[in-house]
J.: 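Let me begin by handing over the structure; questions about it come next.
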Amino acid sequence: MKAIWLAAACMAFASTGASAQDYPTRAISMVVPYAPGGSTDGLARIVANAMSKNLGQTVVVENLGGGGTMIGNQKVTRATPDGYTITFGNMGSLAIAPSLYPKSNFDPRRDMVGVGLVATVPMVLSVSKASGIQTLPEFVSRLHAKPNSLNVGNAGSGSTSHIAAANFLHVTQSQGMQIPYRGAGPAISDLMAGTVDAVIDQTVTMIPLHEGGRVRALAVASPARLPQMPDVPTFAEAGVPAFDMSVWNGIAAPAGTPAAVVKRLETALAAALKDPAVRESLDKLAAQAPTPQQEGAAAFQALIARDVPRYEELIRVANVTVN
């Protein structure tokens, strides 16, 4: 009986090793916990396409918005940890969500394993043309003059745009009416339509809209003006230096994913980030690729571990709540 058990164990070990070594042999699902059309979704599609070339298998972007990113997160954490279901998330889904949804018992430090940082992206505050607002001081004055008179759309409770807006209202000591959507895409559609007055989101979505004249960008959270939108001042230039928020985006897999599989994904991501077409796409959107010190699974896992308590404190200080 003991010999049979040992033989079975050896066969299982050999099978696991072989599967990790052969990985991938089929398509990979990259879960984005937001609706299509937003910043994270846009970056995911750029990177998924490039990783597919390196992996020799299609990386399929699967949008699962809603639930404050927890629908997408749960899909990944409950998946078989074999590398065929991964997530492309950001600090909203991988660092902020645990503090906003404690009942979910989700902890990315325990439930996920980092694959790698993809890009860090500045936030931009934009207003609708219908609002008539021209500058950031005018926007803040309106917030102070008539509290909650301006609607601020966001990508959903717990999203980076939600936390960014809460942080902005906190540092300006003002009040605005936050309107949650199932992703940045729907929020920005309503911003263009004038249904909401403002949205704070990443440059990935805001640069093309500002360039096309569909929304008016008021300020960008960067140390200096961006060459991609030189007419837009920084928050410091526009009078709100206390707001300085950029968003990191990255890839993670379920905890328990074999180290060899994580390494293969890490290698494919590194190759994607060296692809000239990917670098050009990131540059156009003012998305900063990781430095050599920021690259890789270990560095990304450390970033997640650093930011979970960091945003827990911000959420407490700014008194951020979700329904």
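Keep in mind that what you see is a predicted model, and the values were worked out from it rather than measured. Computed over heavy atoms, backbone and side chain alike; hydrogens, waters and symmetry mates excluded.
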J.: Tell me which pairs pass salt bridge (Lys or Arg N to Asp or Glu O under 4.0 Å) where either residue lies in residues 59-71, with sequence neighbours left out.
T.: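 Non-adjacent pairs meeting salt bridge (Lys or Arg N to Asp or Glu O under 4.0 Å): Glu62-Lys75.
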J.: Scan the side chains in residues 160-174 for donor-acceptor partners under 3.5 Å anywhere in the protein, sequence neighbours excluded, and list what turns up.
T.:
residue : atom : partner : partner atom : Å
Ser161  : OG   : Ala155  : N            : 2.7
Ser161  : OG   : Ser159  : OG           : 3.1
His162  : ND1  : Gly158  : N            : 2.8
Thr172  : OG1  : Phe168  : O            : 2.7
Thr172  : OG1  : Leu169  : O            : 3.4
Thr172  : OG1  : Ser174  : OG           : 2.7

J.: CG/Leu117 to CE/Met91 distance, rounded to the nearest 0.5 angstrom?
T.: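 Rounded to the nearest 0.5 Å, the CG-CE separation comes out at 11.5 Å.
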J.: Nearest 0.5 Å, what's the CZ-CG distance between Arg182 and Asn63?
T.: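 Result: 11.0 Å between the selected atoms.
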J.: Do you know the tightest heavy-atom contact between Pro122 and Ala286?
T.: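 Smallest interatomic distance, heavy atoms only, reads CD-O, 3.3 Å.
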J.: Strictly by modelled atom types, are Tyr84 and Thr25 linked by a side-chain donor-acceptor pair under 3.5 Å?
T.: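 Note: Tyr84 and Thr25 side chains meet the donor-acceptor criterion.
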J.: With respect to Tyr181, which candidate in Asp190, Asn154, Val199, Ile188 satisfies the side chain to side chain contact (heavy atoms under 4.5 Å, CB included) definition?
T.: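 Among Asp190, Asn154, Val199, Ile188, the one that satisfies the side chain to side chain contact (heavy atoms under 4.5 Å, CB included) with Tyr181 is Asp190.
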J.: When rounded to the nearest 0.5 angstrom, what is the spacing between CG in Leu314 and CD1 in Ile96?
T.: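 Leu314 CG to Ile96 CD1: 7.5 Å, rounded to 0.5 Å.
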J.: Using a 6.0 Å cut-off, check whether atom CD of Gln288 has over 12 heavy atoms from anything other than its own residue.
T.: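 It does not: Gln288 CD has 12 such atoms or fewer within range.
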J.: With a 4.0 Å cut-off, would you call Arg279 and Asp275 a salt bridge?
T.: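 No, no charged N to carboxylate O under 4.0 Å.
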J.: Under 4.0 Å between a Lys/Arg side-chain N and an Asp/Glu carboxylate O for Glu280 and Lys284?
T.: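 Looking at Glu280 and Lys284, the cut-off is met.
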J.: Apply the side chain to side chain contact (heavy atoms under 4.5 Å, CB included) test between Ile251 and each candidate in Val59, Leu94, Ile86; give the one that qualifies.
T.: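 Among Val59, Leu94, Ile86, the one meeting side chain to side chain contact (heavy atoms under 4.5 Å, CB included) with Ile251 is Ile86.
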J.: Please give me the minimum heavy-atom distance between Asp197 and Ser149, naming the atom from each residue.
T.: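 Scanning both residues, the minimum pair turns out to be OD2-O, 4.1 Å.
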J.: So, Asp82 and Arg26, do they make that salt bridge, N to O below 4.0 Å?
T.: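 Arg26 and Asp82: salt-bridged.
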J.: Give me the atom names and distance for the closest heavy-atom approach of Ile46 to Ser281.
T.: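 The pair with the smallest heavy-atom distance is CD1-CB, 3.9 Å.
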J.: What is the distance from atom CG of Asn148 to atom CD of Gln175, rounded to the nearest 0.5 Å?
T.: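 Reported to 0.5 Å precision, the distance equals 5.0 Å.
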J.: Any non-hydrogen side-chain atom of Val115 less than 4.5 Å from a side-chain atom of Phe88?
T.: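 No. Closest side-chain heavy atoms not under 4.5 Å.
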J.: Tracing side-chain links under 4.5 Å among I, L, V, M, F, W and Y, which residues wind up in one group with Val317?
T.: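 None; Val317 is a cluster of one.
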